Amino acid sequence: ERQKHIRNFSIVAHIDHGKSTLADRILELTDTVSKREMQDQLLDTMDLERERGITIKLNAVALKYHAKDGETYIFHLIDTPGHVDFSYEVSRSLAACEGAVLVVDAAQGVEAQTLANVYLALDNDLEVLPVINKIDLPSAEPEKVRQQIEDEIGIDASEAVLASAKAGIGIEEILEQIVHNVPAPTGDLTAPLKALIFDSVYDDYRGVVLSVRVFEGTVKAGDRIRLMNSGTEYEVTEVGVNSPKPLATDVLMVGDVGYITASIKDIQDTRVGDTVTDASNPTAEAMSGYRKMTPMVYSGLYPTDNAKFNDLREALEKLQLNDAALTFDPESSQALGFGFRCGFLGLLHMDVVQERLEREFNLDLITTAPSVTYNVDLSDGTKQEVENPAEMPDASNIKAINEPYVNAQIMVPNDYVGAVMELCQKKRGIFETMEYLDDIRVNVIYHIPLSEIIYDFFDKLKSSTRGYASLDYELEDYRPSDLVKIDILLNGDKVDALSFISHRDFAAQRGREITAKLKEIIPRQNFEIPIQAAIGAKIIARTNIRAYRKDVTARIHTGDPDRRAKLLDKQKRGKKRMKSVGVVDVPQEAFMAVLQTG
Ligand code: GTP
């Protein structure tokens, strides 16, 4: 019957090893999209994904494959992101599948996220099918990578397909392996409905669209469903699959991956990880759901226009449906007004959230510099968690500040070990160990303060290893450090949103660097603006933004109309992401300037 002909699988890989390209080839070969509709990275549906060439969101698509055994199979393919900030998306996709195609670049071999994603797949009891991709590259060493997969991951790679997603080599072989090696979904067709929500998105017309994997029973339009954790009930308006555009179907059956709409307008009721069941004949137990993600970094998000606060709240609620790792709580700042303290999995995640809010919800936002959560031991014996540097208690009330440390694993060719160690040392890292993975590659392990990692560590790592190093880290523990809060004063006024925490040894240098940086970034105005950095009442660095000279602006108003229009246009765009703080106009970059120091 039908269930035997369903195969649910994900494609996982380290970033840039060719997942999305392989997905494109599979869509082509199965005629899921016509040649005319085909475009690169078809499943990366967000503009942002295409522009940056990265996958941010998981994407499920249904396709039909006519196999060599003469039978037709229904494949549900879930494309997943490769970047560590989005591994939450990967783990959710995997819970909806029975198999995972593991793409490994034949020239790069196994990297940090290859391992991390394989472990996620094995944790979910998935059948892992290794594929060695990019064999067309002159630098490809497929046999070496095959051995590496066996040695380092510990899975059988003897049947790993040698493929080139770019050149279209080995694609059919991969599909045949999916048919033969990925198990068909199990589960009882006649049991009450039991479906796992693995993603959701808000649509202005249809309400919340739930992405589900059906584990038992069936669901169709008109059915009354219950979301088990929230306890709310709805009537299904439509079920269907993405192919890759939404395509309504009569029914979703056990084993299927598809969507359900039910005019759900109340966003609060839907949570990724919840179980959908039949309201009149519910299943006994909800699925185990997902572990909640702990944000790694926090930053303040403020509308440039204070009147947009409620719009921002609504946008965050809607975005959270589609980005379950995002957290937010209202906060206020003297300088920026009312906004939200948001939690992210990393800097890329933070950047993506800001961009999505601006594009998808038409908002203009200011983000403050990211910060980690500090655990503060107060003099009176109590403890306080500080997510926002501006809220750091007065130094006289503090016994100790503890900061989060990560265990960082850096994989790098041995020529660069020296450079990596130098960088880690500079970032207050504590060396743990170093192990040779083969004759060339070394795994270097350090304990490093998370705050040093979230700044520019990754960029520095890449540039000091010519892009060869890969980084994987996880939160380890909290350790006491000699930290101080540095305040920034503009025109004599403390700007709370610019406060940051620094190690005492670097405080003076960072104070100088940031005041210099702010001097560059903040536009001149018709009066002089002093910029100061201070620890408590003590000024540690100062500089001035000079007032502009009249004739500089006068010149803008002359000249040919073309040039003038361009200048005006530039000025208008320059207005974006600018906030008036007291009498000073402060652009977005200023709030991030602290990232570029140290
Ligand atoms: P993320 O979506 O960002 O996680 O990356 P990805 O793993 O999906 O990689 P993607 O498919 O975007 O490919 C990364 C780059 O590798 C692109 O420039 C592709 O054109 C290239 N690429 C993919 N497959 C092949 C291949 O078989 N051979 C060669 N030479 N290049 C390939």
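Counting begins at 1 with the first residue of the sequence. None of the values given here were measured: they were computed from a predicted structure. As the structure lists them, so they are numbered: ligands from 1, and atoms in each ligand from 1.
Checked for salt-bridge contact, Glu452 and Arg428 meet the test: a charged N lies under 4.0 Å from a carboxylate O. A salt bridge links Glu314 to Lys318: one of the charged nitrogens lies within less than 4.0 Å of a carboxylate oxygen. Comment: Asp329 does not engage Arg341 in a salt bridge, judged by the lack of any side-chain N to carboxylate O separation of less than 4.0 angstrom.
Remark: ligand 1 atoms within the under-4.0 Å shell around heavy atoms of His17 are 7 (O). The ligand atoms of ligand 1 that sit less than 4.0 angstrom from a heavy atom of Ser20 are 2 (O), 6 (P), 8 (O), 11 (O). Each of the following atoms of ligand 1 lies closer than 4.0 Å to a heavy atom of Ser164: 26 (C), 27 (O), 28 (N).
Looking at ligand 1, you'll find an N or O of Gly18 within less than 3.5 Å of one of its N or O atoms. For ligand 1, none of its N or O atoms has an N or O atom of Leu137 under 3.5 Å away.
When heavy-atom distances to ligand 1 are checked against a 4.0 Å cut-off, Asp136 comes that close only through its side chain, counted from C-beta outward. Residue contacts with ligand 1 for Ala13 are absent, since no atom lies close enough (heavy atoms, distance under 4.0 Å).
Of the candidates Lys166, Arg25, Lys19, His14, Lys166 brings a heavy atom nearest to atom 31 (N) of ligand 1. Considering Ile11, Asp16, Asn133, Val12 only, the shortest heavy-atom separation from atom 14 (C) of ligand 1 involves Asp16. The option from Asp105, Leu22, Thr21, Val131 that lies nearest to atom 20 (O) of ligand 1, judged by heavy atoms, is Thr21.
Cation-pi geometry between Arg206 and Tyr259 is met: under 6.0 angstrom from the ring centre, within 45 degrees of the axis.
Applying the 6.0 Å contact sphere to CG of Asn362 captures no more than 12 heavy atoms from other residues, nucleotides or ligands.
A side-chain N or O of His447 and one of Glu476 form a donor-acceptor pair less than 3.5 Å apart.
The aromatic rings of Tyr73 and His5 are tilted relative to each other, their planes meeting at an angle between 30° and 60°.
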